[in-house]
2 protein chains.
Amino acid sequence: MDELHEHYQEVLSAVIEEYFITACPVGSKFVANNCPLSLSSASIRNIMADMEERGYLSQPHFSAGRVPTPLGYKLYIESILKTKKISRRQKENIKLKIDFSNNKDIKNILKQTIRSLSDVSHYTGVVLAPEVSVSKLLHIEFIKVGPHNILVVIIFEGGIVENRIILVDKNYDDDTLVKYSRKLNSIIEGHDHNLDELREIIIKEMLRDREDFYFILNKMFFDFNFNNNGEEDKDDYLLIGSEEILFDEPEFASHDKIKSLLKAFNDKKTIIKLLELTKEKKGTMVFIGSDTEWSEINGLTLITAPYKSKKGHAGGSIGVIGPARMNYSFVIPVVDYMAELLSEMIMI
Amino acid sequence: MDELHEHYQEVLSAVIEEYFITACPVGSKFVANNCPLSLSSASIRNIMADMEERGYLSQPHFSAGRVPTPLGYKLYIESILKTKKISRRQKENIKLKIDFSNNKDIKNILKQTIRSLSDVSHYTGVVLAPEVSVSKLLHIEFIKVGPHNILVVIIFEGGIVENRIILVDKNYDDDTLVKYSRKLNSIIEGHDHNLDELREIIIKEMLRDREDFYFILNKMFFDFNFNNNGEEDKDDYLLIGSEEILFDEPEFASHDKIKSLLKAFNDKKTIIKLLELTKEKKGTMVFIGSDTEWSEINGLTLITAPYKSKKGHAGGSIGVIGPARMNYSFVIPVVDYMAELLSEMIMI
DNA sequence: ATTAGCACTCGATTATTTAGAGTGCTAATG
DNA sequence: CATTAGCACTCTAAATAATCGAGTGCTAAT
């Protein structure tokens with residue numbers, strides 16, 4: 001591939017970029033006319049036949065043009081990931097499209113992020129929320145909302161707030177609850193516990209001392225038992241934007257394709273797996289359908305980037321799902337930049 | 001229609017019930033064989049021709065069978081609404097399918113309701129959440145989560161909890177915030193104010209007395225300004241379940257149909273309007289697509305029922321969206337019963 | 001009022017034809 | 001030896017034609 005290297009890249013780019021626009025197989029004639037190489041269509045045919053043998057292109061049927069394969073996209077994307085940076089003007093443009101006008105709570109910020117991702121990229125945005133069960137505790141508060149109803153509010157690092165109303169037998173007064181809140185927070189403060197760790201500590205204390213305080217805590221742990229169902233609950237951390245936006249893409253024009261598309265979206269575990277993978281790495285990642293990593297659906301691509309709260313360890317990842325035939329040089333930097341913006345939004 | 005009345009009803013039922021199963025136009029021969037009337041197909045043809053003229057049935061094309069019109073459905077549903085009640089066994093069945101195992105916060109309960117609606121009815125569930133901006137306040141709490149970050153938690157009747165992190169210049173200590181919380185709650189307590197009304201009161205006080213307390217409140221009102229965008233924000237109150245479930249229905253097999261289906265779902269304002277209408281009425285309502293009330297899409301039906309918290313005025317409505325060709329005698333009682341169950345779940 | 005009989009209509013399905021785009025291969029060229 | 005013009009070949013998609021059958025409306029008989 002040595003001396004052909006340049007030719008390969010040029011032809012590949014020409015095919016991919018044209019295929020992005022038309023969604024139709026690209027013929028040798030077109031490539032001959034629209035690519036910097038001054039070669040005849042016959043020469044291009046030779047190159048393309050060779051590239052097909054090596055797995056970068058494929059023919060839908062005998063006498064059609066060529067279409068990029070996942071391997072072809074991969075090669076193409078590598079060069080983009082190295083070179084492309086988002087321009088200042090693009091950044092401004094994106095920022096304009098984002099509506100963070102209202103101060104929102106974290107969950108709404110995540111929702112808003114999905115919407116912005118979709119608006120800007122024209123594909124489906126996804127967000128993996130920070131995982132509550134491993135997040136550090138910031139504060140817990142008991143609030144009386146009825147004679148036998150206590151609202152428990154738990155605040156996690158990253159600004160996630162969870163709440164439940166718990167039922168108790170006794171009619172505690174406000175002062176008692178304030179006292180209990182203080183007592184509990186003095187345990188939490190400055191220790192970076194997560195909920196499970198706190199439970200461990202409390203259980204030990206409880207064996208020694210059996211007062212009402214621990215009764216409420218016990219009830220609390222029961223109602224906030226996030227991962228009792230094992231895997232199941234993780235699904236709630238994955239937020240998926242409007243999938244409909246993809247139905248306009250010609251590759252999903254047929255009924256069968258739409259169904260397989262929806263099947264891919266319903267298979268949340270796989271998407272979560274990839275987003276979690278991204279969370280651990282540093283930068284943007286691209287998963288191409290039928291790739292080794294994402295074999296669930298052919299023709300879809302997932303572009304991901306991690307985000308993280310300024311202070312600490314709370315974080316997750318965001319992404320965009322679109323057709324493999326995608327404007328990578330535009331979308332990749334967008335996802336990257338959105339993750340950056342989101343990181344800035346998470347205050348505590 | 002006098003002496004034909006019985007015939008009309010029987011034929012209509014036969015057509016609708018068969019059309020529900022096959023989704024194909026129903027011919028006179030079938031009706032003749034499968035309906036209590038002992039009439040020949042020719043007689044049925046006469047009746048059906050007459051019913052078409054009166055608008056209860058229609059022919060997709062000249063030589064096909066007949067299909068019920070919205071008007072036909074309406075007539076059919078009227079008799080169901082009067083007679084059908086859900087059986088105790090069905091109730092048990094539904095209750096089994098509902099997973100309220102984990103004590104959830106109100107928003108998760110609403111989400112769970114949607115999921116159960118979809119599971120039981122096999123159509124798309126929708127829920128209109130209680131409107132926060134008009135809900136009565138129960139409690140407000142300030143919690144320190146950073147040197148300049150205060151988490152404000154507002155609890156509304158119905159158990160809805162909203163929170164925002166607000167930025168302040170001064171570094172308030174915990175005691176001060178507890179004091180402020182108490183002061184504010186003493187204003188709220190027992191007065192059934194909503195957020196807007198509270199704002200009015202605070203603004204008056206503020207003119208007299210300009211201390212830090214009011215500064216924080218001012219910030220709070222700014223960040224919790226729910227309906228500053230007019231209509232826009234109402235969209236957030238509408239939760240829609242998985243729409244994909246409808247794609248299996250034969251009437252949405254074509255690409256065009258799916259797109260018009262999604263268009264109908266995206267037109268949230270219309271759905272919200274109908275759900276709000278239901279909130280004000282007492283019982284179950286049925287809106288048939290291309291009806292006078294819901295002209296947005298042909299072939300869809302929305303069945304709704306209101307729910308309400310035990311104590312007071314917090315409430316909303318739930319519904320199911322499915323094809324007009326729907327098993328009304330099953331779905332209507334289901335929606336009704338689910339609304340009842342949801343009402344029981346809302347504790348405060 | 002009801003019904004058997006019959007000619008007729010029109011959509012759905014299948015078969016057939018046609019047009020054209022793009023290929024691979026071969027032989028010629030610098 | 002890389003490149004290219006020329007040409008026969010392949011296969012799809014679109015257009016056209018043919019066939020089938022379900023269901024109708026109407027008429028005349030009961």
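In what follows, chains are A, B, ... by sequence order, proteins preceding strands, each numbered from 1.
The partner of D:dA13, taking Watson-Crick or G-U wobble pairs whose two distances both stay under 3.5 Å, is C:dT18. Remark: D:dA28 base-pairs with C:dT3. Criterion, Watson-Crick or G-U wobble with two distances under 3.5 Å.
If you check C:dT2, D:dT24, C:dT23 against the side chain of B:Leu39, the one that comes closest is C:dT2. For A:Ala49, whose side chain is taken as the heavy atoms from C-beta onward, the closest listed nucleotide among C:dA4, C:dT23, C:dG24 is C:dG24. Closest approach to the A:Arg45 side chain among C:dG5, C:dG24, D:dT4 is made by C:dG24 (side chain taken as heavy atoms from C-beta onward). Of the candidates D:dT24, C:dT23, D:dT3, the closest approach to any side-chain atom of A:Arg66 belongs to C:dT23. Closest to the side chain of B:Phe62, from the set D:dG25, C:dA4, D:dT10, is D:dG25. Residue B:Ser63 places its side chain closer to D:dA22 than to any other of D:dG25, C:dT23, D:dA22.
In terms of modelled atom types and a separation under 3.5 Å, the side chain of A:Ser317 and the main chain of A:Leu275 share a donor-acceptor contact.
Mapped onto DNA chain D by nearest heavy atom, B:Asn46 and B:Gly65 fall at different nucleotides, with B:Gly65 at the one closer to the 5' end. Of the two residues contacting DNA chain C, namely B:His61 and A:Lys29, the nearest-nucleotide position lying further toward the 5' end is that of B:His61.
Not less than 6.0 angstrom separates the ring centroid of B:Tyr76 from the ring centroid of B:Tyr56. A:Tyr328 and A:Phe20 have their aromatic ring centers separated by at least 6.0 angstrom.
Going from atom CD1 of A:Ile47 over to atom P of C:dG24 covers 13 Å, rounded to whole Å. When the C1' atom of D:dG25 is taken as reference, atom CG of B:Asp50 falls 14 Å away, rounded to whole Å. In this structure, A:Ile44 atom CD1 and C:dT23 atom P are separated by 11 Å, rounded to whole Å. Taking atom CE on B:Met48 and atom C1' on D:dA22, their separation rounds to 13 Å, with Å as the unit. The nearest whole Å value for the distance from the CG atom in B:Leu57 to the P atom in D:dG23 is 15 Å.
Between the CD1 atom of B:Ile272 and the CG atom of B:Asp235 there is a distance of 5.0 Å, given to the nearest 0.5 Å. Atoms CG and OG1, on B:Leu246 and B:Thr124 in that order, are 3.5 Å from each other to the nearest 0.5 Å.
Within the nucleic acid shown, A:Ser41 has no heavy atom closer than 4.0 Å to any nucleic acid atom.
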